Structure formats: structure tokens, C-alpha cells
Amino acid sequence: MNNNSAKAGFIRILVTMLLSLGIGALFIVGIGENPIDAYVALFKGAFNGKLRLGTTLAGFTPLLLSSVAFAVAAKAGAFNVGLEGQIFLGGIAAAYIGINWTFLPKPILFVACFAGAAVVGAIWGFIPAALKAYYNVSEVCTTILMNTVALYITSYLVSGPMSAGTANAQSHPVTVTLHQFMKPSSANLGIVIAIILVLLVIFMLYKTTWGYKIRTVGTNPDHADFVGINSKKVFIGSMMLSGALCGIAGCIEVLGVHGYFLNNFATGLGSNGMLAALIVKNNVVATPFMAFFLAVLKAGAMGMQQSTGVPKALVDTITAVFIIIATMETLIQFKEKAKKKAETEKKEG
Amino acid sequence: MSEYVVSMSNIVKTFGTVQAVRHGEFNLKKGEIHSLIGENGAGKSTMMKLLYGMYPINSGEIIVKGKKMDRLDPKTAIEHGIGMVHQEFMLVEELTVLENIILGFEPTKGLTIDFDSARKEVQKYIDQYDMEVQLDKKISQISVGEAQRVEIIKTLMRGADVIILDEPTAVLTPQEARRLFEILKNLREDGKSLVFISHKLDEVMEISNRISVMRQGQYMGTVNKEETSPLDLTKRMIGREVFLNIDKSYGKAGKTVLEVKDVWVSSNKETSKIRGMSLHVNEGEIVGIAGIDGNGQSELIEAITGIRKVEKGSVILNGKDITNFNPKKVRDAGLAHIPEDRNKRGLNRTMSIVDNLVAVQLDEAPFSKGMMVQKADQDKYAEEKVKQFDIRPTDYNLPTSALSGGNAQKVVVAREVSMGKPLLIASQPTRGVDVGAIEIIRNTLEKAKKEGAGVLLVSAELEEIISLSDRIVVIHEGKITGELMASEANENNLGLLMMGGKESK
């Protein structure tokens, strides 16, 4: 909100990025490779050529949605670990509608797929939120458990009732797909939809009364109830929005990337999205950039492994270092505060 | 020196920026019951937690049995014979009484716990002090009073001869309290030294040898029971200098705005903390509620405003029954509310001054249109209010956490009073604020009354109640003990009613 603090936030993220890449370079030197070559290969792997750039963008799309989904829930004070389950169920809902509701004209079928995915995702967000709001059941526990439930529901469906009968567990192809604009990569129009949705969410959080209420509930629920904002309803609402965004991410994966529901397709999407949001402390403006950085690392890792001797696991190391530095950085802030306090005390005393 | 088993002097303790104890003094003789009294937040529990080593002191000196304690933690405190019975019991619900008592230092026989010798040992204390407990029941099956006795036995088993009891009677029924007193007297006979923390004066007068008073983190002196009276103690607990006078209007009170009919309310700790209260507030008058902090004021206000559940009885606002409405609906029916704790409920400290000013009316024009926030109109409003209430700093986009106590409270007052609601409840409106802010806030209340609002004022400062109110209702232990016109009220007759209306025995 505050311009200065937003600026400082971005500089902090940039410095953290460079630092973690620097420490990653030390590791590369440690295994006897040239870090500059490795990083060039990494970025080439992510950006060089239609296929690679497209793959990066395709990987970025679900991460963008899931990271912002996590941040939105966090703004209302919820810790939504259930992103992955919501993505899976959104995906299966979109697949079901896309395969079976062929009586609908195509444009409406599109909308129906997205709406169905959003609704199912929202319901999967509603359950833990309501349990938390009315029975004080930790949403962290329930969402983790519900991820497994969601995974097995979809696994069952694509191995049984919805199976295409292939060796891989997957559904029949859907009858509507999102246009892939960078063939042979799977980058698709879903990215446009995702970006528009994220912009809408940011707008909602800072320009509407609903956003105001979410932020109030997330920072002081007692105050919210006191001034007449129903904190329980707002909490549940933001979790449902979070779930709906994830459901849509699942829908884009099914309609845009695969063209059918592939068993286990979303594994890791939830935790990476969570990571991106947590590193920037749920700042919704910074979250998309962080999601993009992570997407680039993941996408470029394979290219780096193929053209240099650096294993792609290095990317995980860099991510881990990133997290460590991001947390340490709060330590640095804390020290600064303590210093300031000591100074003012000196002045007063 | 050797007269005291415990002596604490020049104690200072701060939590962040809050000075919980500004200047604490306390000493304990062998074989006495020494009460430590004061209002909520006066620092009495903190003092004893310092003695038990739960927090380190910032400065000062603690001497236990002639030995200066440099670094005190609960373990060394226990080694020096100090035991504490906390307000919240520290018991394992699913273990039996006996298991709870020996937990942490179980007597062993080879590799197994020697329950027989443990039982014998515990039985010794039970017989000696006449403490009836059922050793084989689980904690979840016994009463609160019995659980408290278990806590006392726990301290004795660990060798305590100095026992601190933090508001032990708050959770007890009168009958159980009576039994507790018998036990405490038995312990005293046996040479144990006891610290009794309370704000219930009749109990303190019954059980103590000596009484120490604290007020706002300050030690206010120690007296022998024989030399004092409840009235004297009340004055020591709440007495404050008069430093402001409001030019008070005597308007004509109009029709009834708020009516509370025979309301019963639970507190967090006890059921039926408020037992059958009835009062009313008319248009154009200020009704003050006087009482020692912790006698049900907070619960009454929370019940009226929809934050706490009403057990029975009814609350009528502007002719509408609002009993057990949610806070939003109560506000819609005509309530404005300055809460007692501005940092918990009154403000959202991470959000800006303007955000806080519009919080209640966010959904109304001109602050929003449909879903859209109208920032320009909010800013205009904030600018006006900042000027009107002299809120500093004047940059209304700063978070309220940057404000001093007085300015933060002005934000709350500005928000609540500006709506012109028929009922204004002001709970401790000037607690912890500077003199300048006090003046602005009091004049604002006076103005609200002149404009026809009914004002219900709760304050721990008797002087504030007397100088602002038209009518004063006095409460004691959840009941109304008297009602008088402000013109006939003074510290003596109010003080008497605040103790339940009886002169000391």
C-alpha cells in the first residue's frame, strides 16, 4: 500500500535473489563446474527458443494462481495448505464437464468448465474454513488431510469410471481446449486468464470493501467483529476464493496443457505456490514475480543438467537457500529495530 | 532482616513498552497470611510471578530467607521453598489426582513408580491440613475446588513453605471458598507463609494478617488488618487526584434509550458473574457505572453490545429487544461503543488512521459505492476528523500503531461519536491517555449528551464518574448495590457502595 515500503520490499527480494544465486554458484564451484556456464545454461533452458520459453510460461501459469490463492487466504488469517487438493478437484470437475456436457454450445461449455472447477475448488476451501470458524479445528491439519482425500478421489475416478482405458491413468480427452499459442510447447491462453484473475484479486484487496474486510479480519479479528464485520464469514469467504482460484488453475492445466485429466498432474504445484507466497510474506503484488522466478528455475533446471555437468537438484538447493535468506532477512530487520530503539533510549536517557 | 522469609524491594518490570511494575515492594513474615490487593492490571500477579521466577526482573532486589537471588527461575524458586497456585490450574486432565501430584519427581522402586509410598506421603498432608481429595479420581472428574486443593498439595510435596495463591477464590463458590480459608488457616498454624492475591476486600479482611496495596504498578503501602477497613483499602486502591473539571450541563433527560432488565451474564472464568442487573439510560443524560475493576463492568458492557452472551434477562435499545444480537445488529439498532481495550478491539493497529475512522461505516455512502471503496471521500472525512479532534500526527495514512495512547484513543472516540447514534457506551474512555486527550474526550462525551444521546460511562476513576455523570449506578460483585444522583455522590458514599454497601465489621 505504502509506496516506499513496496519499493523497499522489491529491492529486498532482488537482493535475496542475487544472494541465493551467488551461494548457489559456490556449490557449483564446489562440484568442479563453472557457475557462469551453468547459469547461462539455466536461463537458456528457460528462455531460449519457443519450446523452452513456452514451457516456462506453461509452468508459471498454475504457480501464479496457486501462489496468489495462498496469499489471499493468508490475508484473512488462513493458512491454506490445501491448494493442491483444490487444484486436483478443480481439474477433475473441468474434465468431467468438458467430456460429458457436449450438449452445450462450445463457448458456454468453456464457461461451464471454469465455473464448475471454481465451484468445486471453493467447496474444498469452504469445508476446512467452516470447521475452523465454527469449531476451531486447525485449517492447517484439515487442508493437509484433505489434499490426500482429493488426490485419491481423482485417482479413483481416472482409473475407474472416467478412465480412458490407457496404460497411464487418465481421462478421455476433453471436447474443448484452450488455444496453445507457442507450439510445440504447451503454453496456452490460460496464462492470460490467470493474469487477469490475479489483477482482479489485487484490485479487490485494495480497492473494494470486501478487500478491506479481508485485511481487517486477517490483522485483528476481534476488532473486525467489534466494528460489525462478521469475521467468520469473511474468513470462510477468502478461503473459498482461494479454493476457486486453485480450481481454475486445475481447469487450465486440464484444458490448456494436457487436454485430458492426467493422474497426479498437480503434485508439487501446491507447495511451490505456497513457497512463492511465503517468501514474499503474502504480499500479493510481489507474489506473481516470485512465482515467475521459481517457474524459471524449475524450467531451466533440465537445460542446465543437459548442457553442463550440474545436476538439476541444484535448483532445489537455490530455492532452499532463498528461503533461508528470506527468513534471515527478518532477523536483519529485527536487529535494525533493536538498534533504533537503543538509540532513542540513549537520547531520552 | 531475618524477620522476613521473602523481601522484594525497588522492583521494576516492563513488558515491551508497558511498565507492569513501576515500583514494587513486598515482604512476607514467617507464619502469616499477607494479602496483595489492587485493581486489574495493578501489577499484583506480575509481582508474584517475579517472585516465582517466571520472568526476570528489570531491576530491584529479591531476598529469600536471607539470601539474595540473582537469577531466579521457577526451578530455583521451588528449591528455596516457594510454591505457586496459579489462576489457571496446571494439571493433566487425563491423569489421576495421585499421578498429578507426584508428576515430575515420582518416588521409584527399582524401575517402577512406588505408588504406595507416594500415597502414604500424600495422605500425610491430607490428614494434617484437612484437605479432602480423592486420590484415584481423574482430574477431569473432580470439582474446581478439589483441583485447587490438589495444586496446594503439589506445592507442599515439593517442599514449599512460602505459598502464593493467585486469586484463588475467583473460581470458587462461596462454600468452597470457605473451605479454602479453613485450609489456609491450618497451613498458617503450621508455620507456612502465604501470599493471597485478590481484589475482593471482604475476603482479604477475613483472612489476612497484613495487607499490601498496589495501584498502577506502584506500591501503595502495607497495613495490618486491625488498622484498616474496607473503605480505607478502597481509597488506597483507586484514589486519584482530581485535576480536571468539566463545565457540566444539567439538561432534561428524555425518553429511555437503553433498558437492561434483570440480566445474568457469565465471565470467562465463572458462570453468572453478573446476577440480575437492571438499569436504564435516558436521552440526554450520562449514567456512570462505578465499581472496583473486575466486579462485572466489562461483562455487562460486552453483554449489551453483543460481544458476550446474555444468560437470561433482556436488553432493550431504542424500544427494540436486542438481547443476544450480534455486534453488527446492535450497532444498526443505534449503538456507538468506545471499548475498554483500544488495542484489542477499538483499533486495527496495522491499518491507517483513515481506515480506522471509517471502519464502522465502511458499507455506507459516501465511504463506498457498491463494492468500491471511495478513497477520496474517506480522505476528506479523515482530514476533517483529524482537525476536529486534534489527532497528531495529522497524516491520516499512517498506521495507528504509530500513535500515542491519547491520539489512538481520539481516533476511536472520533469514529464512535461522529455517527450521532442514540446510545453511546464509553468504557474506560480515558484510561492510559495524557491530560490533553482526557480533556478532549470528556468534552466530547459531554457534547454527545447535550446533543441528545444517552451515554453509559464505565470508568475506574471515581473522579471521572462523579464529574461527568448525572446519575451513578454502583456495582459490586455482579450486582447493583446502589444508585444515586451525581450531586449527592462523593468518594465516601460511593466507596461504601462499591464494597457491597456494608460498613466494615
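Each chain gets a letter, A, B and so on, in the order the sequences are listed, and its residues count up from 1. Keep in mind it's a predicted model, so treat the numbers as computed, not measured.
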Query raised in the report: Using the benzene-type ring in the case of Trp, are the ring centres of A:Phe70 and A:Phe79 under 6.0 Å apart?
Result: yes
Is [X] reaching over with its side chain to a backbone N or O of [Y], donor-acceptor style, under 3.5 angstrom?
X        : Y        : value
B:Gln409 : B:Thr430 : no
B:Arg392 : B:Asn407 : no
B:Arg415 : B:Asn356 : yes
B:Ser368 : B:Met371 : no
B:Lys309 : B:Ala303 : no

Query raised in the report: Checking B:Met372 against chain A: side chain, backbone, both or neither under 4.5 Å from a heavy atom?
Result: both
Query - Atom group of B:Leu362 that falls short of 4.5 Å from chain A, counting heavy atoms - result: both
Query raised in the report: Does any non-hydrogen side-chain atom of B:Gln361 lie less than 4.5 Å from one of B:Tyr381?
Result: yes
When the side chains of residues 121-137 of chain A are checked against the rest of the protein, which donor-acceptor pairs come out under 3.5 Å, sequence neighbours left out?
from	atom 1	to	atom 2	distance (Å)
A:Trp124	NE1	A:Met146	O	3.3

**Report entry** Part of residues 217-231 of chain A lying next to chain B, heavy-atom separation under 4.5 Å
**Finding:** A:Thr219, A:Asn220, A:Asp222, A:His223, A:Asp225, A:Phe226, A:Val227, A:Gly228
**Report entry** salt bridge (charged side-chain N to carboxylate O under 4.0 Å, His left out) partners of residues 359-376 of chain B, not counting sequence neighbours, each pair once
**Finding:** A:Lys213-B:Asp363, B:Lys375-B:Asp379
Query raised in the report: Are there residues of residues 321-337 of chain B that reach to under 4.5 Å of chain A by heavy atoms, and which ones?
Result: B:Pro327, B:Lys328, B:Arg331, B:His337
Report task. Might you work through the salt bridge (Lys or Arg N to Asp or Glu O under 4.0 Å) test for B:Glu302 and B:Arg345, ending with a clear yes or no? Result -> CA-CA 11 Å; B:Glu302 288 176 8; B:Arg345 292 210 175 97; 3.5 Å; yes
